[in-house]
Protein chains: 2
Amino acid sequence: MAETPGVVRITDVAALAGVSPSTVSKALNDTGSLRPATRARVREAAERLGFVPDAQARSLSARRSFTVGLLSTDSAGRFSLPVVLGAENALVGGQISALLATARHDAVREQHHVRSLVARRVDGIIVTGRTTDPRPPIRVPMPVVYAFAPSQDPDDASVVPDDAAGMTAVAEHLLSLGRTRVAYVGGRGDQAASVQRHAALAAALAAHGARIVGEPQFGEWSERWGRLAVDVVLGDHRAGDPLPVDAIVFASDQLARGGCDRLRDRGVRVPEDVAVTGYDDWEVMALASRPPLTTVDPQLDRLGQRAAELLLAAIDGRPAHGTELSPPRLVVRGSTAGDS
Amino acid sequence: MAETPGVVRITDVAALAGVSPSTVSKALNDTGSLRPATRARVREAAERLGFVPDAQARSLSARRSFTVGLLSTDSAGRFSLPVVLGAENALVGGQISALLATARHDAVREQHHVRSLVARRVDGIIVTGRTTDPRPPIRVPMPVVYAFAPSQDPDDASVVPDDAAGMTAVAEHLLSLGRTRVAYVGGRGDQAASVQRHAALAAALAAHGARIVGEPQFGEWSERWGRLAVDVVLGDHRAGDPLPVDAIVFASDQLARGGCDRLRDRGVRVPEDVAVTGYDDWEVMALASRPPLTTVDPQLDRLGQRAAELLLAAIDGRPAHGTELSPPRLVVRGSTAGDS
DNA sequence: TACCGTGAGGAAAACGGATTCCTAGTTTCC
DNA sequence: GGAAACTAGGAATCCGTTTTCCTCACGGTA
């Protein structure tokens, strides 16, 4: 093959600067001892030619690939996508490239992807999942950080959203508005997100002498269930009667949006009669809801970023252990406060 | 460095199969002349060990990296995500890995990513965008396929959703239901998706002797605008009066959902009085709408897959030129048909 | 002036594992 | 029994950057 056009090699830079390739390498990597003038001349030549060192050749001597794998069990990506993007973004800063591997919830495919990443000698892997339920660890000869879905092995490095902090913020927000009769509506009862959020809400309310009204309601993660759950919570309440609750905490924005719709249908005013909160800050839901939802933004991009930081540190020989919580952010909108 | 544990090399397979590395290579690549029995034995050994050839070493002799870049201008990814996933999926089949590069709508960052991909000697690049509006081409010394957002250069290989086909299907569906007084509500008037869909709808209706009632309405891609647009379309219509339209075609599911909500608020029955259609088949919108939306699924995963196929062909020396249309699929639900 | 230390830059080896000639050994068929 | 065809191994090859020596020149010191 003739030399590929458009690709600039270190020898081209060397020729333009009138030095040897090794000098170029030293100049660009700030190693060796060179006269400042030479260094500058080489730098300028590299700049002029738009030289970017060949990553493959680079990894040859460096014995690392400057590449990490992003393994996602969740191809649909409602949650893992922001995590992946956050991670990718943080990696770019460190001159690291991201290999995408989506396994669409299929163990065989995942195994295949893992092998492929190992074959490519990635420096590390970030594993994300579809839910916050702990997942089986992968066994690979390089550092791994689990993001969003933690590893079942508590010694592995994981970063998960701090749902307890999120729900505590919700509870304190509601209490500060004087709401004390709070109902909880979750999604699937077999998932950590439903259960943990309930537990955190109950604990936060209890800490201020309040508690959840009635049983927590579990169903599915859909607007439909949000609507139905409102009927369950309100029971046979009729317009004019005193309401059994003055706030409903939903475990997702979808649920909360369905809830708002149903409350409106039944003539219950939000937030005057009943305050409503969601979770996730999925803007397309939270903003389209009437009224817009007070919710918790889990800041998944930051979570992904943090996972990338931990992975880079591990690659650098400073591995982390255990599960780290990534802080959420309360977003107050019209469904609890009257101002919008 | 001692041999990294967990990494299976060709020598390991060779040892297990009791042959030499070169024999393993020939067996797995179907080259050279080997006894079928030997081939089978090697294959089994490779299978047992989970051998995946080191991509770097492979690229040494093959003079290609077996890696392609997925350059996305759209980090949020409502549309580019399915495209990227579809592409990634198609690539995996060809033993190709996907390097993710998201540029979040920033030319400088994009340039940086492009350089990085070139430095990694990717075999090709798939470029996706946030909208279907044509985008400036990138200049790189390897094949490029533009997916979703076509290149401004008509000679470049692009794959875009066939909105005309989608809207034609919508028009024919409505006409088959006897609806002839059709209004159109688009999103942003400066975007191709809004404008082209309108043109296609108008043309399809005209082909059957019908035409769009009133002016096309353009606004923004939100449920809010969908609601407002209904008021514009219905004008000062009051319950009981004959309606000015018997169908409203919205350019997105979000718009259509807002439209349905507003129609219901005003006492107009969907689909009995007015049929409603959306676009995108964004399930979280289309299914949560009351009634569920008849819509067009652009099948973006297939589009991404097709882009990957074209790229692989181009890498293989058979480049494509011009823009290819990727077929959509009409999804009929309760907002036009009564059955659900 | 001779010697040594040091700074600057070049030459060449190392990096890595799959691939691919080329050749030797083995079978098969007249 | 010999020649052709087949099978499989040995060793060179692939790539561009990094890194390790080395050399050479220069200046300071004895």
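Numbers restart at 1 for each chain; the letters A, B, ... are given by sequence-line order, proteins then strands.
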(message) Does C/dG9 have OP1 or OP2 under 4.0 Å away from a side-chain N or O of A/Thr38?
(response) yes

(message) Could you walk me through whether B/Arg120 and A/Ser97 satisfy the side chain to side chain contact (heavy atoms under 4.5 Å, CB included) test, starting with their C-alpha distance in whole Å, then the side-chain angles of each, then the deciding distance to 0.1 Å, before giving a yes or no?
(response) CA-CA 9 Å; B/Arg120 289 209 125 79; A/Ser97 291; 2.6 Å; yes

(request) Taking only the side-chain nitrogens and oxygens of A/Arg121, find out if one of them lies under 4.0 Å from OP1 or OP2 of C/dG16. (result) no

(message) Check this for me, if you would: do A/Arg9 and A/Asp54 make a salt bridge, where the nitrogen-to-carboxylate-oxygen distance has to be below 4.0 angstrom?
(response) no

(message) With no hydrogens and no angle check, just 3.5 Å: does a side-chain donor-acceptor pair link A/Gln299 and A/Ser326?
(response) no

(message) Go nucleotide by nucleotide along DNA chain D from the 5' end; which of A/Ser25 and B/Ala57 gets its closest nucleotide reached first?
(response) B/Ala57

(message) Of the listed nucleotides (D/dT17, C/dG9, C/dT19), which one gets closest to any side-chain atom of B/Pro21?
(response) C/dT19

(message) Output the rounded distance in Å from CZ (B/Phe51) to P (C/dG17).
(response) 11 Å

(message) Please determine whether a side-chain nitrogen or oxygen atom of B/Arg63 lies at a distance below 4.0 Å from atom OP1 or OP2 of D/dC14.
(response) no

(request) Map B/Gly18 and B/Leu60 onto DNA chain D by nearest heavy atom, then report which one ends up closer to the 5' terminus. (result) B/Gly18

(request) Find the distance A/Arg58:CZ to C/dA14:C1' and express it as a whole number of Å. (result) 17 Å

(request) Round to the nearest Å and state the distance from B/Arg64 atom CZ to D/dG16 atom P. (result) 17 Å

(request) Answer yes or no: does a side-chain N or O of B/Arg35 lie under 4.0 Å from OP1 or OP2 of D/dC6? (result) no

(request) Map B/Pro53 and B/Lys26 onto DNA chain C by nearest heavy atom, then report which one ends up closer to the 5' terminus. (result) B/Pro53

(request) In whole angstrom, give the distance that lies between atom CZ of B/Phe66 and atom C1' of C/dG16. (result) 16 Å

(request) For B/Ile10 and D/dC14, give me the distance from atom CD1 to atom P, rounded to whole Å. (result) 18 Å

(request) Show your working on side chain to side chain contact (heavy atoms under 4.5 Å, CB included) between B/His112 and A/Val92 and close with a plain yes or no. (result) CA-CA 9 Å; B/His112 176 113; A/Val92 168; 3.9 Å; yes

(message) So, does A/Asn29 get its side chain near the phosphate of D/dT18, meaning an N or O under 4.0 Å from OP1 or OP2?
(response) yes

(message) Expressed as a whole number of angstroms, how long is the span from B/Asp12:CG to C/dA18:C1'?
(response) 13 Å

(request) In whole angstrom, give the distance that lies between atom CG of B/Leu28 and atom C1' of C/dG17. (result) 14 Å

(message) Side-chain N or O of A/Ser20 versus OP1/OP2 of C/dG10: is the shortest distance under 4.0 Å?
(response) yes

(request) Run the salt-bridge test on B/Arg104 and B/Asp106 with the 4.0 Å N-O cut-off and return the result as yes or no. (result) no

(request) Respond yes when some side-chain nitrogen or oxygen of A/Ser22 is under 4.0 Å from OP1 or OP2 of C/dG9, and no when none is. (result) no

(request) Round to the nearest Å and state the distance from A/Leu34 atom CG to C/dT6 atom P. (result) 18 Å

